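Below is one structure; the comments refer to it alone.
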Amino acid sequence: MRKYVTLRDVCKKESSNIAQKDIENSNGTYAIYGAGGYIKDVNFYHQDKPYIAVVKDGAGIGRTMLLPGKTSVIGTLQYLIPNDSISDKYLYYALTYMNLSKYFTGATIPHIYFKDYQNELLPLPPMEKQQKIAGNLEKIDTMIGVCNSIMEKMDVLVQSRFVEMFGDPESNDMKLPVVKMGELFTIGSSKRIYQNEQTKSGVPFFRIADLTEIIETGNNVPSLYISEERYKNLKQNGYVPNPGDILVTARGTLGSCYIVKKTDKFYFQDGMISWMYNMRQDVSANYIYYLFHMPEFRKQFDSTIAGSTVSYLSIAMLKKLEVLLPPLSAQNDFAAFVREIDKSKYRQLIMYRKIALKLYWLSKKIQSINILTYMKLQNFE
């Protein structure tokens with residue numbers, strides 16, 4: 001029978017009181033980390049042995065890092081020190097998929113506390129099996145890293161092809177026409193859906209997190225809906241996006257795009273997602289979609305938003321974005337090139353996924369806690 005324990009059974013919490021300003025003048029050979037990862041080397045350390053750091057304050061709460069001994073973290077993170085019954089790597093992978101951020105409190109600056117999540121359960125097989133499980137997951141991590149590196153190189157290839165075809169977007173050395181986004185599309189948002197109009201079944205109602213998940217993974221299980229009747233009413237009055245329209249995320253991860261498909265049937269949250277429709281005939285939706293991936297184009301709103309209290313890509317800002325407008329045939333050629341790159345990416349993912357599946361089944365053979373490997377594999381997909 002599988003043995004389950006709580007987090008407090010297998011680790012203890014320790015705090016850090018180090019502020020960023022405390023290390024400005026400290027230099028040495030011992031790494032110190034913050035919520036974003038490595039900060040610098042300092043002349044001291046707090047932990048002798050490997051440990052798990054958990055972001056407990058601010059952005060990224062609940063995120064975990066497995067860190068080596070003779071290092072420290074600043075005060076926005078806390079230490080979780082494994083005891084002798086558990087492998088540090090095994091504990092790290094278990095923590096990673098517990099979604100600790102669900103325990104957050106605080107409206108202005110979110111926090112999480114060990115006392116709130118210390119009773120989370122995890123299976124505790126013998127140490128040898130823990131190490132095998134962690135080893136398999138580590139191999140999948142390595143494959144994800146290799147795969148991501150390949151994807152990044154392909155993205156660089158796309159950016160190079162863009163510059164080759166259309167020149168530098170900032171200097172416009174090919175002297176292409178430049179138009180405002182608001183001249184190419186009608187830009188607005190959805191009709192507001194009030195809480196009392198939301199249902200538990202019917203037509204999916206996407207909040208920004210739902211749309212972001214679809215953009216990033218191609219999948220989403222909606223938690224909110226509107227009635228068929230309400231959807232039909234919105235559609236009859238022209239308030240539902242048509243195939244080829246573009247939805248743009250306006251909060252969180254800004255400027256992520258989704259081109260509406262013929263098979264889509266959903267509605268979306270107003271204010272958080274902008275809607276670009278009534279597209280001019282001399283522009284390709286795919287060209288605009290890929291344009292939003294280009295760093296030079298994104299500078300237009302990234303620089304405006306930098307330093308703002310709340311990151312928000314408003315409809316007014318979208319309308320003012322300047323777009324290089326090459327001939328439609330060239331736009332389509334570029335979009336076709338990117339589609340081929342995307343196919344190459346997909347083939348790479350399929351190849352690495354097959355290897356990951358083999359590791360998953362290997363984990364089953366050693367009677368491991370399959371849920372951890374499975375969750376890791378789902379993340380890889």
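Note that the coordinates shown come from a computational prediction; the quantities given were computed from them, not determined experimentally.
- In summary, the aromatic rings of Tyr287 and Tyr290 are positioned with their centroids too far apart to meet the 6.0 Å limit.
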Item to check | CA sep, side-chain torsions, deciding dist, call: Glu14, Lys12, salt bridge (charged side-chain N to carboxylate O under 4.0 Å, His left out) | outcome: CA-CA 7 Å; Glu14 292 185 7; Lys12 65 176 181 177; 3.4 Å; yes
Checklist entry - Which is it for Val55 and Thr76 under the side-chain contact (heavy atoms from CB on, under 4.5 Å) test, yes or no, and what are the steps along the way? => result CA-CA 6 Å; Val55 180; Thr76 54; 5.5 Å; no
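- Listed by chain and residue number, nothing satisfies the side chain to side chain contact (heavy atoms under 4.5 Å, CB included) test with Ala209 (two or more places apart in sequence, or in another chain).
- Side-chain polar atoms of Thr186 and Asn278 form a donor-acceptor pair below 3.5 angstrom.
- With no hydrogens or angles considered, a side-chain donor-acceptor pair links Thr6 and Asp9 at under 3.5 Å.
- For the residue pair Tyr92/Ser87, the side-chain donor-acceptor check at 3.5 Å is not satisfied.
- Checked for salt-bridge contact, Glu128 and Lys132 meet the test: a charged N lies under 4.0 Å from a carboxylate O.
- Cluster annotation: Met165 and Leu325 are assigned to the same hydrophobic cluster (Ile/Leu/Val/Met/Phe/Trp/Tyr, side-chain heavy-atom contacts under 4.5 Å, transitive).
- Under the 4.5 Å side-chain heavy-atom criterion for grouping Ile, Leu, Val, Met, Phe, Trp and Tyr, Ile52 is connected to Val5 within one hydrophobic cluster.
- Counted by atom type alone, Ser26 and Asn43 present one or more donor-acceptor pairs between their side chains at under 3.5 Å.
- Side-chain N/O atoms of Asn83 and Ser85 include a donor and acceptor closer than 3.5 Å.
- Other residues sharing a hydrophobic cluster with Tyr45 under the 4.5 Å side-chain heavy-atom criterion for ILVMFWY residues are Tyr30.
- Salt bridge status for Arg207 with Asp210: present, with a side-chain N to carboxylate O gap under 4.0 Å.
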Next on the checklist: Could you go through Tyr51 and Gln78, starting from their C-alpha distance and side-chain angles, then the distance that decides it, and tell me whether this counts as side-chain contact (heavy atoms from CB on, under 4.5 Å)?
Outcome noted: CA-CA 10 Å; Tyr51 59 92; Gln78 61 190 17; over 6 Å; no
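- No more than 12 heavy atoms of other residues, nucleotides or ligands sit less than 6.0 Å from atom CG of Asp84.
- In this structure, the ring of His293 has its center less than 6.0 angstrom from the ring center of Tyr289.
- Clustering of Ile, Leu, Val, Met, Phe, Trp and Tyr by side-chain heavy atoms under 4.5 Å joins Val260 with Phe206, Ile208, Leu211, Ile214, Ile215, Leu247, Tyr258, Phe266, Phe268, Met272, Ile273, Trp275, Tyr277.
- A salt bridge between Glu164 and Arg161 is present, with a side-chain N of the basic residue lying under 4.0 Å from a carboxylate O of the acidic one.
- In this structure, Lys40 places its NZ atom where more than 12 heavy-atom neighbours from other residues, nucleotides or ligands lie under 6.0 Å away.
- Side-chain contact of Tyr231 with Gln236: a donor-acceptor pair under 3.5 Å is absent, judged by distance alone.
- Of all non-hydrogen atoms in Cys11 and Leu91, the two that sit nearest each other are CB-CD2, 3.9 Å.
- Comment: Lys265 engages Glu228 in a salt bridge, judged by a side-chain N to carboxylate O separation of less than 4.0 angstrom.
- Within a 6.0 Å radius of CG in Asn25, no more than 12 heavy atoms belonging to other residues, nucleotides or ligands are found.
- A chain of hydrophobic side-chain contacts below 4.5 Å, direct or via other Ile, Leu, Val, Met, Phe, Trp or Tyr residues, connects Val323 to Val248.
- Between Lys343 and Glu340 there is a salt bridge, since a side-chain N of the basic residue sits under 4.0 Å from a carboxylate O of the acidic one.
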Next on the checklist: What verdict does the side-chain contact (heavy atoms from CB on, under 4.5 Å) test give for Val54 and Tyr117, after you've listed the backbone C-alpha separation in whole Å, the side-chain angles of each residue and the deciding distance to 0.1 Å?
Outcome noted: CA-CA 12 Å; Val54 180; Tyr117 64 82; 4.1 Å; yes
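- You'll find the side chain of Tyr79 stays beyond 4.5 Å of the side chain of Lys13, heavy atoms only.
- In this model, a donor atom of one side chain and an acceptor atom of the other lie less than 3.5 Å apart for Thr96 and Thr64.
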